[in-house]
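Before any comments, here is the structure.
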Amino acid sequence: MVLKPLAGEEAYGPTAEQALQGLAERARPVVAEFVEVFYRSLQQSEQTQQVLSRLTTEEFAHLRERQARHLLMFLEPTLTAEQHRARAQAVGRVHALVGVELIWLIEAYNLYQQALHHLLPSADNSAQISVQKILDRRLLLDLEAQGAGYRQLDDELTKVLVQIQRQIQTAPSATDLYRSVIEGLCSIDGISAAFVGRAGRQHMLEIEASHGPQAQTYLDAMQAGRIPVINLDPDLDESLRGPTARAWHSGDIQTVCSFALDDATSQWNPVGANLGFRSHAVIPLTDDTGQAFAVVNVYS
């Protein structure tokens with residue numbers, strides 16, 4: 001759904017500034033209470049609870065704080081349409097990246113609207129109607145801009161996939177292909193590191209190519225012994241196999257939704273946490289028999 005662009009003077013500018021004066025301060029207790037109730041309700045849904053369960057206690061607290069700040073933003077008297085659109089589009093990108101379905105967002109806006117209307121006095125006067133109109137229009141702009149963030153990210157991912165497909169057809173060597181693929185992956189918002197490796201001496205993973213702002217720091221920590229080098233030994237106990245070894249031997253993509261909470265990455269978390277790694281994917285590259293000959297590791 002494409003919403004008609006909102007006229008700035010209807011929800012922003014001097015008239016809106018005057019109408020919203022002082023409302024944000026009065027709203028803080030109501031917004032804080034709403035956020036707590038809102039997330040308790042999300043915990044009741046299996047789909048949304050699955051997303052929230054990937055957060056540490058600190059991350060969940062941070063999320064609730066950011067949610068409250070975003071709602072209070074609607075009440076900022078001096079907020080401009082440009083500022084609002086930019087902030088909401090950025091939030092939309094984050095929602096898309098962490099797996100929040102757009103339909104969940106649309107459903108949540110009915111609750112946001114109820115919460116904001118609850119701030120208004122019960123009297124049906126012209127001032128209340130004016131404020132309600134401003135808030136409703138800001139909510140619509142917020143949803144429109146977040147939807148644009150989803151579409152923007154989707155377009156970027158499509159372009160990366162097209163580039164990778166082109167490189168598969170044109171790269172002069174496997175090493176050139178690996179470099180092109182991980183450079184493309186690292187152009188995606190949030191990707192911190194990516195590298196491609198093969199089985200080397202004593203079944204240890206040998207890196208063929210790496211990219212990303214944190215890749216070299218992470219690999220240096222392996223070489224220095226601060227975290228284990230990735231071991232592909234088929235005889236290694238299952239409990240000691242990380243996602244890379246599992247992907248190598250199974251031929252299946254392995255994903256870690258929470259680098260801090262998943263036992264599979266606990267050996268590497270001391271360094272990964274400091275580098276900001278939240279999630280991890282391992283993509284095995286297999287031959288016609290299904291045997292892996294290389295793996296792509298991606299950290300977000």
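Residue Leu185 holds its CG atom at 4.5 Å from CD1 of Ile164, rounded to the nearest 0.5 Å. Between the CD atom of Glu58 and the NE2 atom of His62 there is a distance of 12.0 Å, given to the nearest 0.5 Å. Here the OG atom belonging to Ser180 is positioned 11.0 Å from the CZ atom belonging to Arg166, to the nearest 0.5 angstrom. Here the straight-line distance linking atom CZ of Arg151 with atom CD of Gln89 works out to 8.5 Å at 0.5 Å rounding. Leu161 contributes atom CG, which lies 6.5 Å from atom CG of Leu157 (distance to the nearest 0.5 angstrom). Separating the CZ atom in Arg179 from the NE2 atom in His211 is a distance of 11.5 Å, to the nearest 0.5 Å.
A donor-acceptor contact shorter than 3.5 Å is absent between the side chain of Arg93 and the backbone of Gln152. Judged by distance alone, the side chain of Gln44 and the main-chain N or O of Arg40 form a donor-acceptor pair under 3.5 Å. Remark: side-chain polar atoms of Ser45 are not paired, donor with acceptor, to backbone N or O of Leu42 under 3.5 angstrom. Under the 3.5 Å distance criterion, the side-chain polar atoms of Arg246 are matched with a main-chain donor or acceptor of Arg241. No donor-acceptor pair closer than 3.5 Å links the side chain of His95 to the backbone N or O of Gly147. Of the possible donor and acceptor atoms, none in the side chain of Ser210 sits under 3.5 Å from a partner among the backbone N and O of Phe195. Trp248 places no side-chain N or O within 3.5 Å of a backbone atom of Pro284 that could act as its donor or acceptor partner.
Between Leu72 and Ala24, the closest heavy-atom pair is CD2-O, 3.9 Å. Across Ala11 and Arg138, no two heavy atoms sit closer than the pair O-NE, 2.9 Å. Between Leu153 and Ala96 the shortest heavy-atom distance is CD2-CB, 3.6 Å. When all heavy atoms of Leu75 and Ala27 are compared, the closest pair comes out as CD1-CB, 3.3 Å. Pro243 approaches Trp268 most closely through the heavy-atom pair CD-CZ3, 4.5 Å. Heavy-atom minimum distance, Cys186 versus Ala193: SG-C, 4.2 Å.
No hydrogens or angles considered: a donor-acceptor pair under 3.5 Å links the side chains of Ser173 and Asp176. Looking only at atom types and distance, the side chain of Tyr12 has no donor-acceptor partner in the side chain of Gln83 under 3.5 Å away. In this structure, a donor-acceptor pair under 3.5 Å is present between the side chains of His70 and Asp142.
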### Message
Quick one, Arg26 with Leu23, criterion side-chain contact (heavy atoms from CB on, under 4.5 Å). Give me CA distance, side-chain angles, the key distance, then yes/no.
### Response
CA-CA 5 Å; Arg26 298 198 304 272; Leu23 189 57; 3.3 Å; yes
### Message
side-chain contact (heavy atoms from CB on, under 4.5 Å) for His280 and Gln254? Distances and angles first, verdict last.
### Response
CA-CA 8 Å; His280 178 205; Gln254 300 292 309; over 6 Å; no
### Trace of the side-chain contact (heavy atoms from CB on, under 4.5 Å) decision for Asn231 with Val229
CA-CA 6 Å; Asn231 191 339; Val229 175; over 6 Å; no
### Task
Could you walk me through whether Phe74 and Leu141 pass side-chain contact (heavy atoms from CB on, under 4.5 Å), step by step?
CA-CA 10 Å; Phe74 293 124; Leu141 182 141; over 6 Å; no
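Other residues, nucleotides and ligands contribute at most 12 non-hydrogen atoms within 6.0 Å of the CD atom of Gln202. Around CD of Gln50, the count of heavy atoms belonging to other residues, nucleotides or ligands within 6.0 Å does not exceed 12. Heavy-atom contacts from other residues, nucleotides or ligands closer than 6.0 Å to CD of Gln18 number 12 or fewer.
Taking the six-membered ring wherever Trp is involved, the centroid distance between the rings of Phe60 and Tyr39 falls below 6.0 Å.
No side-chain heavy atom of Leu111 sits less than 4.5 Å from a side-chain heavy atom of Val37. Residues Arg69 and Met73 fail the side-chain proximity criterion, which asks for heavy atoms closer than 4.5 Å. Two residues are said to be in side-chain contact when any heavy atoms from C-beta on lie closer than 4.5 Å; Thr286 and Gln291 fail this criterion. Two residues are said to be in side-chain contact when any heavy atoms from C-beta on lie closer than 4.5 Å; Leu79 and Arg87 meet this criterion.
Pairs of residues two or more places apart, or lying in two chains, that qualify as salt bridge (Lys or Arg N to Asp or Glu O under 4.0 Å) and include a residue from residues 199-228 are Arg198-Glu208.
Using bins of under 30°, 30° to 60° and over 60° for the plane-to-plane angle, the ring pair Phe277/Tyr218 lands in the perpendicular bin. Below 30°, between 30° and 60°, or above 60°: for Tyr109 and Tyr112 the angle between ring planes is above 60°, a perpendicular geometry.
Note: the hydrophobic cluster containing Leu275 does not contain Val256 (ILVMFWY, side chain heavy atoms under 4.5 Å, direct or indirect links). Val271 and Leu219 fall within a single hydrophobic cluster, where Ile, Leu, Val, Met, Phe, Trp and Tyr are joined by side-chain heavy atoms under 4.5 Å apart, directly or via other members. Under the 4.5 Å side-chain heavy-atom criterion for grouping Ile, Leu, Val, Met, Phe, Trp and Tyr, Phe38 is connected to Leu135 within one hydrophobic cluster. Taking hydrophobic clusters as Ile, Leu, Val, Met, Phe, Trp and Tyr residues chained together by side-chain heavy-atom distances below 4.5 Å, Leu232 does not share a cluster with Val196. There is no path of hydrophobic side-chain contacts, each under 4.5 Å, that joins Val296 to Tyr299.
Under the rule for a side-chain hydrogen bond (donor to acceptor under 3.5 Å, both in side chains), the partners of Glu59 that lie at least two apart in sequence or sit in another chain are Thr56, Arg278.
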